[in-house]
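This report concerns only the one structure given below.
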Amino acid sequence: MTIQIITLFPEMFDGVLNSSMLWKAQKENLVEYKLINLRDFGIGPRKQVDDIPYGGGDGMVLKPEPLFAAVDAAKEADPDAKVLLMTPRGDLFTQEMAREFAATEAGLIIICGRYEGYDERITSVVDKQISIGEYVLTGGELPAMIIADAVTRLIPGVLGGETSAEKESHSQAGVLEHPHYTRPEKFRGLSVPEVLLSGHHGQIEQWRQANQK
Ligand code: 4FV
């Protein structure tokens, strides 16, 4: 799967995409990340990407020309890719969506906003508007990292033995978690629930089901 990210701050992604599981997934060619700098599609000598809002108001708005040009370039590289727009006006991101995106062969093109937001006409080439939560951030980069992480770990083969995407998908919606314990058995007077030491898998599964939220 290819995940292309359109952003004015590609340097923000290095640490997240090139560490741990996401780095390993790249090394195993299970995923490819491509950072597209919106500035490269800026207009004129100053590579302008934003402008004053029609109707007045504070702040600046991302201009349509650089946005459309960047999406066109990304689509050229991956014509069937799904275009996702990061915006507080979008549908709340869910594990269900992550699974949907990870299951498709088609790649993703994730657009990161900045300033007050986008010229609304960009929505004419967007498949889905997504919000990561009801709060306002300075940019869409953190939301894009969250999508990249949640989707990449569900790509078959990325999650090693510890938790298979398969097992993950069976647990209702893959979101519910049960408490985890590891050695030592006793720590600062705090002990591990007996059932987990019993080796009785049926009872353990029951306990986990009963304690997940
Ligand atoms: C956001 C969110 C978000 C809005 C203005 C970037 C900011 C600035 N994106 N989920 N919550 N975006 O706050 O996705 O352009």
Side-chain angles (χ1 to χ4, degrees), residues 1-41 67 69-87 90-113 125-133 137 139-178 180 182 205 208 212:
M1 165 184 265
T2 300
I3 299 181
Q4 300 184 79
I5 300 171
I6 297 170
T7 170
L8 280 169
F9 299 96
E11 66 278 12
M12 288 177 69
F13 290 83
D14 180 44
V16 169
L17 301 183
N18 301 326
S19 305
S20 180
M21 271 186 186
L22 278 63
W23 172 248
K24 195 160 140 289
Q26 289 179 81
K27 289 304 117 210
E28 293 164 3
N29 298 317
L30 295 168
V31 69
E32 180 196 13
Y33 305 116
K34 275 195 192 161
L35 297 170
I36 297 173
N37 192 331
L38 184 60
R39 184 66 63 186
D40 297 342
F41 300 88
L67 286 168
V71 171
D72 292 348
K75 276 279 193 179
E76 218 164 288
D78 190 356
D80 307 330
K82 242 190 187 26
V83 180
L84 309 180
L85 188 72
M86 301 297 102
T87 169
D91 302 332
L92 188 60
F93 183 57
T94 63
Q95 186 69 8
E96 185 51 39
M97 281 186 202
R99 257 215 309 279
E100 192 195 305
F101 298 149
T104 65
E105 274 322 302
L108 297 177
I109 296 169
I110 306 178
I111 308 172
C112 305
V125 292
V126 162
D127 297 300
K128 208 172 184 60
Q129 298 188 39
I130 297 181
S131 170
I132 59 156
L137 303 168
E141 283 75 17
L142 292 174
M145 293 175 198
I146 287 170
I147 307 266
D149 186 293
V151 171
T152 299
R153 65 185 292 283
L154 292 178
I155 295 170
V158 171
L159 282 182
E162 69 268 10
T163 316
S164 72
E166 198 46 42
K167 183 162 172 291
E168 166 110 352
S169 60
H170 281 129
S171 63
Q172 191 238 353
V175 175
L176 297 178
E177 281 283 313
H178 54 72
H180 301 284
T182 186
E205 200 42 41
R208 284 179 168 168
Q212 66 181 359

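Position 1 is the first residue of the sequence; numbering continues from there. All heavy atoms count here, side chains included; hydrogens, waters and symmetry mates do not.
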What distance do Ile36 atom CD1 and Ile109 atom CD1 have between them, rounded to the nearest 0.5 Å?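 Spacing of CD1 (Ile36) from CD1 (Ile109) equals 7.0 Å.
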Reported CG-to-CG distance for the pair Leu8 and Leu38, which is rounded to 0.5 angstrom: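 Answer for the CG-CG pair, Leu8 versus Leu38, is 4.5 Å.
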Is there a side-chain contact between [X] and [Y] (heavy atoms, below 4.5 Å)?
{"X": "Lys128", "Y": "Asp91", "answer": "yes"}
{"X": "Pro143", "Y": "Ile130", "answer": "no"}
{"X": "Met1", "Y": "Thr104", "answer": "yes"}
{"X": "Leu154", "Y": "Phe101", "answer": "no"}
{"X": "Leu159", "Y": "Met21", "answer": "yes"}
{"X": "Leu137", "Y": "Ile132", "answer": "yes"}
{"X": "Thr152", "Y": "Gln26", "answer": "no"}

Quick one: list whatever passes side chain to side chain donor-acceptor pair (under 3.5 Å) with Gln4, sequence neighbours left out.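 So Gln4 forms no side chain to side chain donor-acceptor pair (under 3.5 Å) with any residue.
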Got a sec, which residues hit side chain to side chain donor-acceptor pair (under 3.5 Å) with Thr2, two or more places apart in sequence or on another chain?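 Here the qualifying residues are Glu32.
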Closest heavy-atom contact between [X] and [Y]?
{"X": "Trp23", "Y": "Asn18", "answer": "CB-C, 3.5 Å"}
{"X": "Gly90", "Y": "Ser131", "answer": "O-CB, 3.6 Å"}
{"X": "Ala150", "Y": "Ala98", "answer": "O-CB, 4.0 Å"}
{"X": "Arg153", "Y": "Gln95", "answer": "NH1-NE2, 4.0 Å"}
{"X": "Ala25", "Y": "Val158", "answer": "CB-CG2, 3.9 Å"}
{"X": "Glu141", "Y": "Gly113", "answer": "OE1-O, 4.0 Å"}

Could you tabulate the donor-acceptor pairs under 3.5 Å formed by side-chain atoms of residues 70-85, not counting sequence neighbours?
from, atom 1, to, atom 2, distance (Å)
Lys75, NZ, Pro79, O, 3.3
Lys75, NZ, Ala81, O, 3.0
Asp78, OD2, Gly107, N, 3.3

Take Leu35 and Leu17, measure what side chain to side chain contact (heavy atoms under 4.5 Å, CB included) needs, and give me the verdict at the end. CA-CA 10 Å; Leu35 297 170; Leu17 301 183; 4.3 Å; yes
Do Thr87 and Gln129 pass the side-chain hydrogen bond (donor to acceptor under 3.5 Å, both in side chains) test, and can you show the C-alpha distance, the side-chain angles, and the key distance before you say yes or no? CA-CA 6 Å; Thr87 169; Gln129 298 188 39; 4.7 Å; no
Step by step, work out the side chain to side chain contact (heavy atoms under 4.5 Å, CB included) result for Leu22 and Tyr33. CA-CA 9 Å; Leu22 278 63; Tyr33 305 116; 3.2 Å; yes
